[in-house]
Each structure stands twice: as C-alpha cells, then as structure tokens.
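One structure is given here, and the rest of the page talks about it.
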Amino acid sequence: MQRKFLGNIIRGSLLEGLEMKLSPDVPLEHIKAGKFLVVSGEQYDFFSIITDLRLAATNEQMLSNPPNFSNDLLRAVISGTGTYTVVSLRPMLMLERATEQRTLEPVKTIPSHFARVEEANDDDVALVFGSETLNRDSDKKYFNIGTPLDMEQAVCLDLKTFSERSSAVFGRTGTGKTFITRLLLAGFIHTDTAVNLVFDMHNEYGTKGTFEGVGQKSVKGLQPLFAHRGKVKVYSLDKEGSQRRGARCDHEVRISVEQIEPEDILLLQEELRLNPTAAEYTYILKNAFGNAWLTDFMNLMDSGDQAAIKDFASSKNLVDDSMRALWRRLNRLRQNCSFLDFNPRKEKIDVIDHLITDLLNGVSVVVEFGKYDNMMSYLLVANIITRRVEETYKERTDNYLRTQNEADKPKQLVITVEEAHKFLNKRAAAQTSFGKIARELRKYYVSLLLVDQRPSGIDDEILSQIGTKIVAALSDEKDINAVLSGVSNASGLRSILASLDTKQQALIMGHGVPMPVVVKTRNYDQAFYEAMGVFEGEKKREKIRADLDKAF
Amino acid sequence: MLQLQAIYRRLEEFSEKVVAEQKNLTQLKSVLEEVFEGSSDFVKAWRKFPESLESTIAPRLIESPSRRVPCPKREAIFTICSADGSQIYPDRLLNFCLLNFSQVCFHIGTNEPPLLTTYSKLYDADEFFKAYFKDSKPKETEDRGSETSKERIAIDQVNALRQTKELSALLHVAKSKRVQGRPILAVADGTLICWTLKNAEVLRKEFIEKLGQFRQEEIPVLAYKSFPETRSVAKALEHLAAEKLEQANIHPEMLTDLEIFQAFLQKGERSAVFQSRSDIVEKHYPNPDKVYFFYLHTGKEIARIEFPAWCYEKGWVDFMHAVMMDDLEKGKGYPMTLTEAHEHAVVKKSEEAQFFELLEKLCIKKGVLISDAAKVASKRTAII
Amino acid sequence: MKSETVKSDPIGEVIASNTTAFSAVVRSKFSEALPVKFGELVKAETSTMKIFGIVSFIEHAPTEPNRKVAPHGKPKDELKREMPQVFELLQTEFRALVVGYETSLGVVPSMPPVPPDLHDFTYLATDEEQKNFFAKTPTFLRTVLNCRDASPDELLVAFLRNHLAHISRPMLISIGKELSYLLGDDHRRLEAILSRVCD
C-alpha cells in the first residue's frame with residue numbers, strides 16, 4: 001500500500017528528534033500534532049509522531065513585508081520556497097526493512113538528510129500496534145481502543161501487558177475518561193485478560209453510563225454486556241437506588257464496622273476534618289477495644305455516662321474534650337454512611353467474602369455507590385474492600401509460589417478506582433492499600449487502573465510506577481507536568497497533549513503500546529456492543545439462528 | 001573656445017552690412033516689378049535684345065517676365081520617377097570605371113508599391129574611350145603633373161558617360177512604370193543642357209536622342225537644379241536696366257538669377273518661362289526639345305527647373321510646378337524623389353571599400369598583389 | 001486587405017546569429033501588423049534542428065543606417081499614398097534569446113551545438129512545440145534573467161503571459177518556485193513578476 005509523501009528530513013538529532021520540511025503540495029492544516037508518520041531511511045523505517053509544527057521563512061524581509069497573498073499563483077509559489085513549514089518528529093521505533101522478521105526496535109540511529117517522510121498507512125498501524133486477529137494464534141490480548149488521527153486502522157492495546165502493571169486514565173472533566181475506562185474494562189472482560197474490581201462512585205460502569213453526546217441518553221454498562229455470560233456482578237451500597245436505575249443488584253453491600261481499621265479513619269482525615277490528635281486516638285481505641293473498637297467507643301460515648309467516659313479517658317491518658325471531638329466526627333460518619341453496620345453479629349454473612357470469592361472465580365465486580373456518592377463513603381468502602389482483596393491475593397500468590405501449580409495461579413486483577421488522588425496523594429499513599437498495590441503488588445497479580453482528573457495530586461512515586469497512561473485533554477500545567485514526569489521526550493509529547501480535542505481523543509503512552517500514539521477512541525455504540533457479543537432485535541435472532549446452525 | 005567679446009564689434013559692423021543688403025533686396029524687388037512690367041520699354045527691348053547680342057546667353061522671353069505664378073493645385077494621382085547615378089573613377093592602376101544607377105518611381109496618391117532599384121555596370125576604360133571619345137583624345141594640357149591632368153580628364157569623361165546613362169535610365173523607368181491615363185513626370189537631377197558633352201559627340205547625340213524620346217513617348221521631363229549659379233536673367237538686366245539698378249544702389253554685374261528671383265518671388269511662386277540660349281542647345285537640340293526653364297521659390301531657396309519646349313507647348317508647366325512643390329515639401333526643401341534616387345545611387349564609402357577588397361581578393365587568387373595600391377589602402381578600415 | 005499570418009508561414013529571416021541569440025528581419029511590410037510579439041517563443045529552422053528563442057527585442061529602424069527618420073505630420077495611410085518609399089526604407093528586426101532546440105530526439109532545454117544559419121527562416125513555435133517546450137525543466141529562466149536586450153523581468157512576464165495557455169498550473173508553480181530561487185528571495189521582485197503573469 002502506497003504511503004502518502006509528506007516531506008523530507010532536513011535536520012535532526014537522536015536526542016532532540018527530527019525536523020522535516022513539509023512538501024508544499026501538502027496542505028499544512030491537514031498535518032496535526034500527534035499524527036503517525038513513517039520516515040524511510042536507508043535500511044530502517046522509523047515510526048514517528050509529529051510533536052510540533054513551525055512556520056519558517058528563508059528571508060526575514062518577507063515576514064516584515066508580506067507579499068500580496070490575494071494572488072493565488074504567488075501564494076502557491078512562495079509556499080514551500082520563501083516560506084515553508086517545519087514539522088518536528090519524534091522517531092519512536094525503527095524497523096529493519098530487509099529482514100523477514102518484522103521486529104520493532106527502539107530508535108538507536110536517525111535517518112540521513114532528505115529521507116522521505118510519509119503518512120503511515122493501515123499496514124504500519126497494524127504492524128506497530130498489532131491487531132485483534134492476532135489474538136487467535138497467540139496468547140496476545142490485543143484490543144481495539146480507537147484509531148490514529150485521520151486514519152481507519154485500529155490501534156490495539158496489548159491488554160495483557162497493559163494489565164500487568166498499574167495504569168491510568170487522565171483527563172480533565174468531560175474529556176471522556178469514563179468512556180475510555182469503560183472501553184478498557186469491557187476489553188479486559190471480553191478478552192478474558194483480567195478480572196475487574198470497579199469502585200463505581202458515580203454509577204457509570206455497572207448498569208448504564210450517561211452519554212454526553214447527542215441522541216441516546218445512556219449507554220450500556222458492563223452488566224448488560226457481560227452478565228449473561230456470568231462475567232459481571234453488581235454489588236451495590238444502595239440497593240433500592242440501583243434497582244430504580246434498572247440494575248440488577250447481585251449483592252447489597254453492608255460493611256460491618258469491625259472491618260474499619262484506624263487507617264481507614266485516617267484516610268478520612270480531610271473529609272471528617274480530624275485533627276492529628278483525634279487520628280492518634282483511633283489507634284489507642286483500637287488497642288483498648290480490639291476489633292469492635294468503633295462500636296464500643298460509639299456505644300460508650302452514646303451512653304452519655306460521664307463518669308464512665310472520664311474513667312476511660314484517664315485510664316488511657318486521653319483528654320476528655322478530644323474524645324468528644326472524635327465522637328462528634330465519627331457521628332457524622334455514622335450518619336453519612338448508613339451502609340455501615342454498627343451492630344455486627346457473627347452469624348451475618350460477610351459480603352466482602354462473597355465479593356472476593358466472585359473475583360477469584362473470575363467474575364468481575366462493580367461496586368456501585370448509589371446515593372452514597374460522597375467521598376467519605378467512597379474512600380472508606382474502597383479502602384476496606386481493597387485491603388481485604390489485597391490480603392487474599394497475597395495469600396493466594398504465596399500459595400501458588402509454593403505449589404507452582406498452574407491452577408493455583410490467581411487471575412490477574414485490575415482494580416479500577418476513581419478520584420485516585422484521594423487515595424494516592426503523598427500522605428495517603430503511604431497508608432492505603434492502593435499505595436501498596438501501586439508500588440509493589442505487581443508480583444501478586446493485582447494492578448490498579450486509576451481514573452483521575454488531577455494527576456498532579458498523585459504521589460510522584462506512584463505516578464512513576466504507572467505502566468500505561470491514557471491521557472485525554474488536560475489543561476492544568478501542573479497536571480500535564482505530572483503526567484509527563486519520567487517520560488522521555490516530554491517536550492514533544494507536551495505539545496501533543498496540549499493539542500488534543502476535548503472529545504474522544506487521547507494520547508496513549510507507556511507499557512501497553514510500542515510507542516506513544518494519539519487515538520480517536522473507539523465509538524461506544526451498537527457496533528461496539530456487537531463486537532462484545534451482544535446482539536439486539538433482528539440481529540439477535542440472526543445470531544441465534546447462526547449459532548443453532550453451527551450446533552447441528 | 002569662441003571669444004565672442006573679441007569679435008563682437010566686428011560682428012556688429014557685419015550685421016549692419018547684412019541689413020543694408022537686405023534693404024537693397026527690397027529695393028531690388030521694386031525695381032524688378034517696374035522693369036518686368038509687360039508694357040515697359042525694358043521688356044520691349046528684351047524681346048529684341050538676345051538676337052541682337054550674339055555674345056551673351058541671356059534667355060529668350062517665352063512669357064512676360066513679370067509673371068509670378070502661385071503654386072497650382074496638384075493632381076491627386078500621378079506618377080513621378082527619377083534616376084541618378086554615381087561612380088568609381090578609374091585610376092592609373094585600375095583601368096576601368098564603375099557606374100551605379102538608381103531608378104525610383106512613386107505612384108503618388110495610390111497604395112501601389114514604389115519602385116526603388118539600383119543596378120551597377122563596369123566599363124573598361126579603353127573600350128569606352130574608344131567608343132565615345134575616339135575623335136577627342138584627351139589632351140594633356142596643363143602641366144600640373146601629367147597624372148593629375150590625365151585623371152582629371154578621365155573624371156570628366158566618366159561624368160559625361162554618367163549623365164547620358166542617367167537620362168537613359170530615367171527614360172527607361174518612366175516608360176516601364178507609366179500607367180495609362182495617369183499623368184507622369186520624369187525628374188532628372190541638374191540640367192537638361194549637356195554642357196559636359198560638348199566634345200563627346202557620340203554621347204551628346206545619344207543624350208539628345210533620349211531627350212527626344214521623352215517627347216515621342218509624351219513623358220514630361222524636367223531637370224531640377226538646386227542653388228543655380230546662372231546669370232541669364234541677370235545678364236539681361238545688366239545690359240538693359242543697369243541705370244535703374246544703379247540708382248537703387250545695386251550693382252548689376254554682381255547680381256545672379258538666384259538673387260533676382262529671391263527678391264521677386266514668394267514661396268511657392270514660379271517665374272516666367274524663359275528659353276535657354278546656351279550654345280549647345282542652339283546648335284544641336286531640335287526645336288521641340290529646346291530647353292525652357294523657370295525659377296521656383298521653394299520656400300528655402302530658388303531652384304531652376306528646365307524642361308523641353310514641347311512640355312510648355314503641351315501645357316505641362318502647371319503640372320510640373322505643382323508636383324515639384326509637393327515633392328519639395330515632402331523632401332523638406334529638396335525634392336523627395338531626387339533624394340531617394342540619390343540615396344539609392346550613391347556608392348557608400350563602405351561599399352566602395354568592399355568593392356576594392358573583393359577585387360584585391362580576386363587578384364590575390366590569381367597571384368597578383370595589388371594591396372600596395374593607395375586606393376585599396378585608403379579604403380581599409382582604420383585599426384585602433 | 002491584410003491577411004492574417006498563417007502559423008506555418010515564415011515570419012522572418014535570420015540575419016545575425018550566434019549560439020546565444022539570433023536576429024531576424026521580419027518579412028512582412030512595415031505597415032502591416034507585426035507577426036511577432038515581444039516575449040514570444042519563435043524558432044529558426046535549420047536543416048537538422050529547430051532552434052527556439054524568446055523574442056527579447058524588436059526594433060523598427062531604417063534599412064539604411066545613415067538615413068534618419070523624420071516626422072512627416074501625415075496620417076499613416078496618407079503617408080503611404082504620398083510618400084510610398086518611406087515604408088520601403090523601414091524594416092523590423094527582432095532578436096531572440098536562444099533557450100533550447102529540438103532534434104528528432106526531442107526538445108533539449110540547452111544551447112544548441114551550432115547557431116542557426118544566416119538566412120534561415122524563422123517561424124512562430126507551434127502549439128505542439130510550445131507544449132513540449134514547457135514540459136521541460138524551466139532552464140530558460142536563467143537565460144531570461146541574464147538578458148541584456150530588455151528588462152529581464154519584463155521579458156519574463158511577457159513570455160509567460162504569451163504562452164499561459166500552454167503552461168499547466170503545476171508547471172507554472174514550479175516555474176515560479178525556480179524563479180524564486182534564482183531571484184535569491186527577492187520576493188518583491190518575484191511578486192512584481194508573478195502578479196503580472198496572472199491577474
């Protein structure tokens with residue numbers, strides 16, 4: 001397939017990238033930052049992306065004294081000679097043309113002067129980013145995530161590689177983070193790459209998602225797509241709410257207060273406006289009361305028995321007023337989070353056990369928060385569940401390492417968490433399970449999929465652990481810097497980031513793709529549902545007929 | 001540098017003299033008007049006078065000398081033709097001469113193309129002497145160096161030959177280009193009186209014969225003489241009106257025809273027609289071809305226009321007058337047709353050089369070196 | 001009645017030539033319409049090749065260098081009737097800058113190996129020849145820019161305008177670009193030329 005000629009390399013360095021003089025025949029405004037190009041060197045094809053565009057003139061005089069551009073001929077003549085466009089490229093991969101084996105290598109050299117630069121074609125995209133058809137013949141888990149700018153060929157993520165390490169979807173509000181995330185989750189389930197635990201604060205993943213475009217109001221969530229295959233269960237904190245939205249709630253989440261550890265309270269320090277003393281008290285209370293520390297403490301304070309409270313305070317060297325302050329704060333917790341069971345009884349089934357069992361059975365779980373879409377509930381529940389999941393996976397992995405039995409190998413788990421910076425800011429990252437997972441749980445088959453609009457709020461160390469970043473448009477300079485920290489050629493990618501559309505466009509970089517690429521994300525529509533194996537109406541009947549035919 | 005201050009005084013004196021002469025001319029005009037008056041004694045005397053005075057060449061009166069004819073209206077369409085010639089003279093080394101003739105013919109008032117041609121002819125000097133001058137061998141008269149006089153005579157003879165051949169060329173072009181029903185005029189340069197052919201009988205006969213052929217063909221022919229030095233009318237005045245002139249402080253023996261008619265005529269006017277009493281005409285020209293002439297004020301000068309008597313008799317004078325004035329205007333003072341004939345006839349210096357170079361080359365081819373010839377050397381382009 | 005010059009008629013005869021230029025005297029009478037224009041592609045046909053030139057100079061002059069042309073104050077048609085020799089003594093001569101030649105092998109945009117012979121006839125280039133000529137690299141630009149007979153810019157403008165019908169748009173642009181290089185980024189000059197080629 002013939003590639004379209006765009007220009008010739010005129011300058012470059014391995015360190016700073018290449019510069020191409022744009023051929024005057026190519027309309028400048030068709031060339032956009034992030035475009036995928038191929039530079040044909042003597043031996044290698046260099047797969048590159050456009051990082052910058054610059055107008056240049058051979059003669060400064062002309063710029064201060066512009067020619068009469070109402071004359072078409074003059075404009076055509078001057079463009080490309082007197083004035084021209086320099087396009088900065090960043091070569092990302094190189095491919096030796098002569099060899100049979102089409103292996104992509106990191107860039108170790110640069111093409112010579114005047115090497116031809118061409119638009120990448122579908123074959124190139126497929127070569128670099130793989131294709132879903134390869135999944136049949138190998139253990140690769142390619143998943144179509146979208147298309148490069150102005151192209152039709154799908155860019156595929158290797159979800160296997162992608163899920164092995166923590167990843168992130170960044171982008172400011174309204175840039176389609178949720179859509180991308182939902183795509184990825186569907187991909188994990190569809191390709192059976194990983195089992196998911198989704199903390200769905202705003203009820204976007206389980207049943208249906210809000211559609212921000214024109215036309216339909218909502219899109220299908222994971223349950224309608226995969227529940228019929230037993231792949232997805234919805235756990236809800238607000239059963240009635242979920243049902244009102246038309247969801248099938250597999251389990252109602254009730255969390256026994258005994259599950260709450262002092263760290264969980266510490267995580268809420270900001271939300272409950274706890275002072276450091278109060279936070280410290282929780283540990284003392286835990287020591288004093290044991291597992292039921294929160295219930296006991298609340299009961300004690302609720303009783304209003306001033307003498308008993310005083311006794312307890314003095315016995316533990318606690319200040320009476322501080323205890324009262326803590327009580328008042330925790331009262332707010334009790335009021336806000338009514339899913340907390342302050343009267344745990346042994347015979348009650350622990351819903352978290354169910355959840356973990358499901359996960360271990362390969363069933364993805366979406367935890368819907370329903371009306372508890374406040375940060376306090378979200379942090380508390382996500383942290384408690386994650387801690388338990390983390391413990392279980394550690395155990396299982398240790399067991400597997402001992403037995404070396406393939407059957408014991410835990411299935412890769414991806415925990416999707418929104419507002420990630422709340423769990424992974426500098427202070428919290430050290431304490432929460434999320435921090436631990438991000439840092440070290442790769443070897444225990446657990447990774448995170450962070451969804452956040454404020455990447456700058458996330459601890460640098462955590463950020464550097466993220467394997468693959470999918471970045472939609474960001475506006476805050478701090479956020480852009482955070483996303484690009486530790487990325488080579490940050491400056492080139494910065495301009496691409498800045499030029500992203502606010503809808504359906506994202507830069508994918510890191511572990512999951514051989515080279516950074518800007519994609520127009522896949523449409524989340526009927527065609528997608530069908531690709532996921534969900535047919536409706538006439539199509540459904542056709543499918544059934546076809547399946548029946550196959551069966552006989 | 002011109003020192004105007006130094007000569008200023010003298011210049012002033014001269015200017016006074018010029019003014020005085022001018023005054024004389026005005027006086028001359030009134031004297032002339034008086035004496036030319038048809039009924040005057042002077043005219044009566046003139047009518048008898050030339051015949052009684054054998055030795056002068058004062059012309060006969062054909063018209064009253066008082067006539068001053070303004071320029072008549074020109075024919076709208078007519079043919080005018082002319083011929084001219086030039087030459088390279090023989091010298092002691094080169095015993096031949098070259099004649100170059102032009103013929104021009106314009107069909108005025110039409111879009112017909114003009115004729116502008118030239119042709120050249122070489123004459124062996126000995127042969128043409130034999131043919132034309134056998135009775136009158138050149139005599140080495142003056143002893144200013146034999147070569148000079150010999151060359152001088154050769155020059156005269158070549159000129160005589162040329163004059164005759166020019167008239168033939170003119171006759172030829174006029175005959176060949178005339179259009180039925182359209183007036184034609186043949187214009188020669190100089191004179192119809194073959195002074196130079198006095199001693200060349202063969203040529204003279206040929207000349208007079210050609211002139212006669214114009215009559216037979218009914219082609220009006222004239223000769224145009226610019227700045228004539230003749231004193232024919234002046235002679236008549238000198239003999240018959242000396243007193244009157246002297247009274248007006250004019251010296252009759254100093255007068256020329258040119259001065260007389262400059263005073264007498266206005267621009268475009270011609271004088272009366274006179275008949276030449278030149279020896280050669282009287283002796284050799286047949287009566288219908290006797291030479292008549294008038295003077296013409298061209299605006300810039302006084303010209304003398306000669307033509308055969310028959311042209312006068314046939315009433316061609318007005319036609320000639322009008323056509324010549326028209327031609328003079330077009331030529332800005334000199335007849336356009338004559339200018340054109342001259343331009344085409346003349347052998348330019350560069351052409352003459354080419355001619356000699358060619359000759360030199362041909363001689364060298366045959367093993368003869370003539371490059372030491374002064375003539376050849378002089379025609380060479382100067383090297384810087 | 002004047003007849004239009006037929007394309008295949010000779011328009012003149014070579015009276016001076018060298019490898020860079022040739023001069024020809026126009027055949028037609030002075031008073032007729034000139035068969036050749038400034039900046040037009042012409043050719044001199046020798047026995048072996050056609051030599052192309054751009055008319056860079058046209059001069060009306062007396063045939064005799066020593067004669068002077070003077071005003072006569074008459075309308076031209078009257079002048080022709082009354083002083084018919086005047087137009088006989090004038091002639092039109094044009095000079096053409098050699099920009100290429102054509103042999104049986106095709107058009108070569110370079111100097112010909114030999115100049116046109118004296119007295120060869122000259123013709124206007126045919127449509128086909130113009131097309132072939134402009135399909136070659138525009139090496140003529142350099143020749144034209146070095147022209148001393150006329151302002152090179154004027155010559156170029158006239159040349160391109162005369163033959164615009166046979167120059168494709170991409171060709172015109174590539175000519176423009178080549179010109180831009182040759183003018184050393186003197187874009188004012190470039191603009192002055194191009195804006196007059198196409199307006």
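Just so we're on the same page: letters track the sequence lines, and every chain starts at 1.
In terms of heavy-atom pairs under 4.5 Å with chain A, the best-connected choice from R169(C), E178(C), H187(C) is H187(C).
Interface remark: I175(C) contributes no atoms to any contact with chain A (heavy atom separation under 4.5 Å). Contacts of D25(A) with chain C are absent, with no heavy-atom separation under 4.5 Å from either backbone or side chain. Only the side chain of S180(C) has a heavy atom closer than 4.5 Å to any heavy atom of chain A.
For the residue pair P24(A) and K177(C), the shortest heavy atom distance occurs at CB-NZ, 3.5 Å.
Considering CG of L73(A) and CG of L194(C), their distance stands at 5.0 Å, rounded to 0.5 Å. With values rounded to the nearest 0.5 angstrom, I173(C) atom CD1 is found 11.0 Å from L74(A) atom CG.
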Verdict with supporting geometry, V77(A) and L190(C), side-chain contact (heavy atoms from CB on, under 4.5 Å):
CA-CA 9 Å; V77(A) 165; L190(C) 181 72; 4.0 Å; yes

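Remark: K68(C) NZ is loosely packed, at most 12 non-hydrogen atoms of other residues, nucleotides or ligands lying under 6.0 Å away. Crowding of R67(C) atom CZ: a count of heavy atoms from other residues, nucleotides or ligands under 6.0 Å exceeding 12. The neighbour count for K32(A) NZ, taken as heavy atoms of other residues, nucleotides or ligands under 6.0 Å away, does not exceed 12.
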